[in-house]
Amino acid sequence: MKKKGQFGYQRNRRIFSTIWFALLLGADCFMFFYSRHYFGTTRNLFTIFFVLVCLPVGMLGVSAIMHFRAKGCSPRAHREIERHVGILPGLYDLYLTSYSKNFQLSHLCAAQGCIAALTESSSCDLKAGEEHIRTMLRNNGWKNYQVKIFTSLPKYCERLDSLNALSRGAEPEELTALMALMKTLSI
């Protein structure tokens with residue numbers, strides 16, 4: 001099973017949540033209709049179980065829908081990024097959510113006060129995404145971070161190369177905590 005931040009995470013979660021949703025919904029409906037047929041009425045304990053199980057099944061359904069909306073990083077972009085990422089800590093397949101918009105990021109990396117991200121989605125609002133990340137960083141105690149979201153893979157790879165040159169002597173604890181925050185903000 002892929003972990004959050006790894007390449008292929010969104011695809012893996014999409015399959016996992018869809019299968020579990022279908023299985024639990026089928027089992028829940030079977031329990032309700034079979035007990036109704038067996039007892040001849042809906043006034044039984046299994047109807048209460050049916051209603052109680054509907055909430056987690058619904059949450060799995062919402063999770064499946066959200067993971068279907070998040071496309072993740074393309075294999076072509078993954079191959080290109082892997083050639084340039086070097087020693088930088090990075091995360092793949094992030095889907096950040098805010099109150100008004102969602103931001104699909106194929107890859108995100110950080111080095112010494114700079115965060116760079118790549119989106120392959122044409123509908124991603126870059127300015128709002130950058131501001132959302134800055135706000136979340138400020139709310140969690142990180143100030144003065146530069147955030148840039150790229151739509152061009154070649155320009156993003158150039159930025160990765162320049163961040164690799166900057167990252168000599170970076171504090172790994174701070175970057176580890178920053179990557180953990182980014183995972184927390186993503187579905």
(message) Would you say CD of Q146 has more than 12 non-hydrogen atoms from neighbouring residues, nucleotides or ligands within 6.0 angstrom?
(response) no

(request) Kindly say whether T42 contributes a backbone atom to a donor-acceptor pair with the side chain of T47 at under 3.5 angstrom? (result) yes

(message) Within 45 degrees of the ring normal and closer than 6.0 Å to the centroid, is that where the cationic atom of K148 sits relative to F150?
(response) yes

(request) Determine yes or no for a side-chain-to-main-chain donor-acceptor pair under 3.5 angstrom, with N44 supplying the side chain and F39 the backbone. (result) no

(request) Mind checking the NE2-OH spacing from H78 to Y92? Nearest 0.5 Å is all I need. (result) 4.0 Å

(request) State plainly whether one hydrophobic cluster holds both F33 and V51, where clusters connect Ile, Leu, Val, Met, Phe, Trp and Tyr through side-chain heavy atoms under 4.5 angstrom apart. (result) yes

(request) Return yes if some donor-acceptor pair links the side-chain N/O of R14 with the main-chain N/O of A70 below 3.5 Å, else return no. (result) yes

(request) Report whether I187 and L60 are members of the same hydrophobic cluster (ILVMFWY, side-chain heavy atoms less than 4.5 Å apart, transitive linking). (result) no

(request) Could you grab the distance from atom CG of L118 to atom OG of S152, nearest 0.5 Å is fine? (result) 8.5 Å

(request) Looking only at non-hydrogen atoms, find the nearest pair between I133 and M182 and report the distance. (result) CG2-CE, 3.9 Å

(message) Ignoring hydrogens, what is the shortest heavy-atom contact between N164 and H84? Give both atom names and the distance.
(response) ND2-O, 2.9 Å

(message) Could you check whether S121 and T119, counting side-chain N and O atoms only, form a donor-acceptor pair closer than 3.5 Å?
(response) no

(message) How long is the straight-line distance from OG of S106 back to NZ of K71, given to the nearest 0.5 Å?
(response) 12.0 Å

(request) Would you confirm whether Q6, through its side chain, and K3, through its main-chain N or O, come within 3.5 Å as a donor-acceptor pair? (result) yes

(request) Say whether H107 and Y156, considering side chains only, have a donor N or O and an acceptor N or O under 3.5 Å apart. (result) yes

(message) Applying a strict under-4.5 Å side-chain criterion to I, L, V, M, F, W and Y, I'd like to know whether L94 and F103 cluster together.
(response) yes

(request) Indicate the atoms forming the closest heavy-atom contact of D93 with G8, along with that distance. (result) OD2-N, 2.8 Å

(message) Is any side-chain heavy atom of T97 closer than 4.5 Å to one of Y95?
(response) yes

(request) Step through the shown structure and confirm whether more than 12 heavy atoms of other residues, nucleotides or ligands are within 6.0 Å of CZ on R36. (result) no

(request) To the nearest 0.5 Å, tell me how far S186 OG sits from L181 CG. (result) 11.0 Å

(request) Answer yes when E82 and R79 have at least one side-chain N-carboxylate O distance shorter than 4.0 Å, and no when they do not. (result) no

(message) Let me check something: do L160 and L153 share a hydrophobic cluster, defined by ILVMFWY side-chain heavy atoms less than 4.5 Å apart, either directly or through other members?
(response) yes

(request) Give a yes or no on whether the backbone of A180 and the side-chain of T184 come within a donor-acceptor separation of less than 3.5 Å. (result) yes

(message) Regarding K101 and E131, does a basic nitrogen lie under 4.0 Å from an acidic carboxylate oxygen?
(response) no

(message) If you apply the rule side chain to side chain contact (heavy atoms under 4.5 Å, CB included), what do you find for C114 with R159, and how did you get there?
(response) CA-CA 10 Å; C114 298; R159 184 63 177 149; 3.4 Å; yes

(request) For atom CZ of R138, decide whether the heavy atoms of other residues, nucleotides or ligands shown that lie under 6.0 angstrom number more than 12. (result) yes

(message) Taking atom CG as the centre, does N144 end up with more than 12 heavy-atom neighbours from other residues, nucleotides or ligands that are less than 6.0 angstrom away?
(response) no

(request) Find out whether L91 and L105 are in side-chain contact, i.e. whether some heavy atom of one side chain is under 4.5 Å from a heavy atom of the other. (result) no

(request) Flag yes if V57 and M31 sit in one hydrophobic cluster, no otherwise; membership is Ile, Leu, Val, Met, Phe, Trp, Tyr, and two members link when side-chain heavy atoms are under 4.5 Å apart. (result) no

(request) Flag the pair N102 / L96 as yes when at least one side-chain heavy-atom distance between them is below 4.5 Å, and no otherwise. (result) no

(message) Which heavy atom of F32 sits nearest to which heavy atom of F50, and what is that distance?
(response) CB-CD1, 3.5 Å

(request) Could you tell me the separation between the CG atom of D28 and the CZ atom of F21, rounded to the nearest 0.5 Å? (result) 10.5 Å

(request) Check I149 against G129 and note the closest heavy-atom contact, atom names and distance. (result) CD1-C, 3.7 Å

(message) Nearest 0.5 angstrom please: I15 CD1 to Q10 CD, how far?
(response) 11.5 Å

(request) Answer whether the closest heavy-atom distance between the side chains of P89 and M179 falls below 4.5 Å. (result) yes

(message) Ring-plane angle category for W142 and Y145, please: parallel below 30°, perpendicular beyond 60°, tilted otherwise.
(response) perpendicular

(request) Look at the rings of H37 and Y34 and say which category their plane angle falls in: under 30° parallel, 30 to 60° tilted, over 60° perpendicular. (result) tilted

(message) Do Y9 and H67 have side chains that approach each other closer than 4.5 Å (heavy atoms only, starting at C-beta)?
(response) yes

(request) Return the minimal non-hydrogen interatomic distance between A116 and L163, and the atom names on each side. (result) CB-CD1, 3.9 Å

